[in-house]
Amino acid sequence: MATTGSLFLSEVWHFTPCVLCWYQRIFMYPLVIVLGIAAYRQKTDIVPYVLPLILIGGGISTYHIVIQKLPHDLSAAACGPVSCMDDYLNWFGWLTIPMLALAAFILITFALLQAKRSQKQEAAQG
């Protein structure tokens, strides 16, 4: 959903992603393929390999949120042709694109941990 959403925002609504948005995409997009293959094969041993992607991507999202919501130095946010402080999407006064990305990274983490826990319980039962 996160990959589809980011492509929709840039290709349909023509929002130009800033540099930090691109970095978040770099860590989100491979998850579609890797986790798709793991889900098809019903494997949870992939968790240690994708967790670094999730943590780094989530960290970038968190940093991006801080830049948008707590601006201290305007020159710090001038990270490319599009400012990282630009708020294309601001639903309810707080829900922004980096917050959606962070929510996706968090939900993926919880889903992976739940799948891992379920697999361990099934293995213990027989």
Side-chain angles (χ1 to χ4, degrees):
M1 288 301 294
T3 299
T4 303
S6 73
L7 289 172
F8 179 82
L9 291 173
S10 62
E11 299 302 319
V12 176
W13 283 359
H14 304 290
F15 292 165
T16 303
C18 70
V19 172
L20 290 177
C21 288
W22 276 115
Y23 288 141
Q24 291 167 73
R25 288 177 176 199
I26 288 168
F27 289 96
M28 181 66 72
Y29 286 6
L31 295 176
V32 174
I33 296 167
V34 174
L35 294 176
I37 293 169
Y40 177 75
R41 294 184 176 178
Q42 297 181 348
K43 299 286 186 181
T44 58
D45 53 353
I46 195 77
V47 173
Y49 304 109
V50 297
L51 206 51
L53 293 173
I54 295 168
L55 293 174
I56 294 169
I60 294 169
S61 296
T62 302
Y63 176 67
H64 197 175
I65 292 166
V66 168
I67 285 177
Q68 280 186 336
K69 295 298 179 186
L70 303 172
H72 299 288
D73 182 13
L74 295 178
S75 65
C79 59
V82 176
S83 174
C84 293
M85 287 181 59
D86 285 351
D87 232 354
Y88 288 125
L89 185 72
N90 194 347
W91 292 335
F92 314 112
W94 59 271
L95 187 59
T96 62
I97 294 171
M99 285 186 184
L100 290 171
L102 180 61
F105 284 119
I106 291 170
L107 287 172
I108 292 168
T109 301
F110 282 128
L112 285 172
L113 295 176
Q114 182 61 34
K116 187 83 167 164
R117 185 178 306 128
S118 294
Q119 190 177 44
K120 282 183 181 179
Q121 287 174 350
E122 289 175 10
Q125 291 175 354

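These values consider heavy atoms only, across backbone and side chains, with no hydrogens, waters or symmetry-generated copies.
Two residues are said to be in side-chain contact when any heavy atoms from C-beta on lie closer than 4.5 Å; F105 and L55 fail this criterion. Two residues are said to be in side-chain contact when any heavy atoms from C-beta on lie closer than 4.5 Å; T109 and L113 meet this criterion.
Side-chain heavy atoms closer than 4.5 Å link hydrophobic residues (I, L, V, M, F, W, Y) into clusters, and following such links, even through other members, never connects V19 to W22. With hydrophobic clusters built from ILVMFWY side chains whose heavy atoms lie under 4.5 angstrom apart, I26 shares a cluster with V34. Following chains of ILVMFWY side-chain contacts shorter than 4.5 Å, one cannot reach V32 starting from Y49, and the two form parts of different hydrophobic clusters. Taken together through direct or relayed side-chain contacts under 4.5 Å among Ile, Leu, Val, Met, Phe, Trp and Tyr, M99 and F110 form part of one hydrophobic cluster. The hydrophobic cluster containing V50 also contains I108, counting ILVMFWY residues as joined when their side-chain heavy atoms lie under 4.5 angstrom apart, directly or transitively.
Taking CD1 of I67 as the start and OG1 of T62 as the end, the distance is 11.5 Å to the nearest 0.5 Å. How far CG of L51 is from CD1 of I46: 11.5 Å, rounded to the nearest 0.5 Å. For the atom pair E122 CD and Q42 CD, the distance stands at 8.5 Å (nearest 0.5 Å). Distance CD/Q121 to NZ/K116: 13.0 Å, rounded to 0.5 Å.
Minimum heavy-atom separation, S61 to A101: OG-CB, 3.6 Å. Looking at every heavy atom in both residues, G58 comes nearest to L102 through O-CD1, 3.6 Å. Contact detail for P52 and P48: the closest heavy-atom pair is CD-O, 3.2 Å. Residues L20 and H64 share a closest heavy-atom pair of CB-ND1, 3.7 Å.
Within 6.0 Å of CZ on F27 lie more than 12 heavy atoms contributed by other residues, nucleotides or ligands.
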Show your working on side-chain contact (heavy atoms from CB on, under 4.5 Å) between I37 and I33 and close with a plain yes or no. CA-CA 6 Å; I37 293 169; I33 296 167; 4.0 Å; yes
I56 vs Y23, side-chain contact (heavy atoms from CB on, under 4.5 Å): CA-CA, chis, key distance, verdict: CA-CA 9 Å; I56 294 169; Y23 288 141; over 6 Å; no
M28 vs Q24, test: side-chain contact (heavy atoms from CB on, under 4.5 Å). Steps then yes/no. CA-CA 6 Å; M28 181 66 72; Q24 291 167 73; over 6 Å; no
L112 vs L35, side-chain contact (heavy atoms from CB on, under 4.5 Å): CA-CA, chis, key distance, verdict: CA-CA 9 Å; L112 285 172; L35 294 176; 3.7 Å; yes
